[in-house]
Amino acid sequence: MPVPNIPPVSVPTTEPNNKPPLLPSWRAWYWLVLGALGAEIGLFVYLTRLFA
């Protein structure tokens, strides 16, 4: 009985990723996070003064 010719390890096929990254650099992520934190602090300052 002949042995079938099967590769010992299956190699996953890689699909080309044509999508650009969400943000191009770490600086963009840095400013995004910094801006979100600033907006959150500003919102809490506003709400604190509103309900004080």
Side-chain angles (χ1 to χ4, degrees):
M1 183 175 212
V3 178
N5 189 7
I6 298 173
V9 177
S10 62
V11 178
T13 58
T14 58
E15 297 178 4
N17 189 1
N18 294 333
K19 291 188 224 172
L22 185 62
L23 289 175
S25 68
W26 66 269
R27 285 188 177 97
W29 283 104
Y30 178 81
W31 286 111
L32 177 70
V33 170
L34 203 61
L37 287 174
E40 186 178 4
I41 291 170
L43 175 67
F44 281 117
V45 167
Y46 170 75
L47 290 175
T48 302
R49 290 184 180 181
L50 184 66
F51 290 107

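Owing to the predicted nature of the structure, the values given are computational and were not obtained by experimental measurement.
When hydrophobic residues (I, L, V, M, F, W, Y) are linked wherever their side-chain heavy atoms come within less than 4.5 Å, the members clustered with L47 are L43, Y46, L50, F51. Counting Ile, Leu, Val, Met, Phe, Trp and Tyr side chains that sit under 4.5 Å apart, directly or through other members, V33 shares a hydrophobic cluster with L37. Chaining together hydrophobic side chains whose heavy atoms lie under 4.5 Å apart places L22 alongside L23, W29, L32.
Under the side-chain contact (heavy atoms from CB on, under 4.5 Å) criterion, T48 pairs with no residue, sequence neighbours left out.
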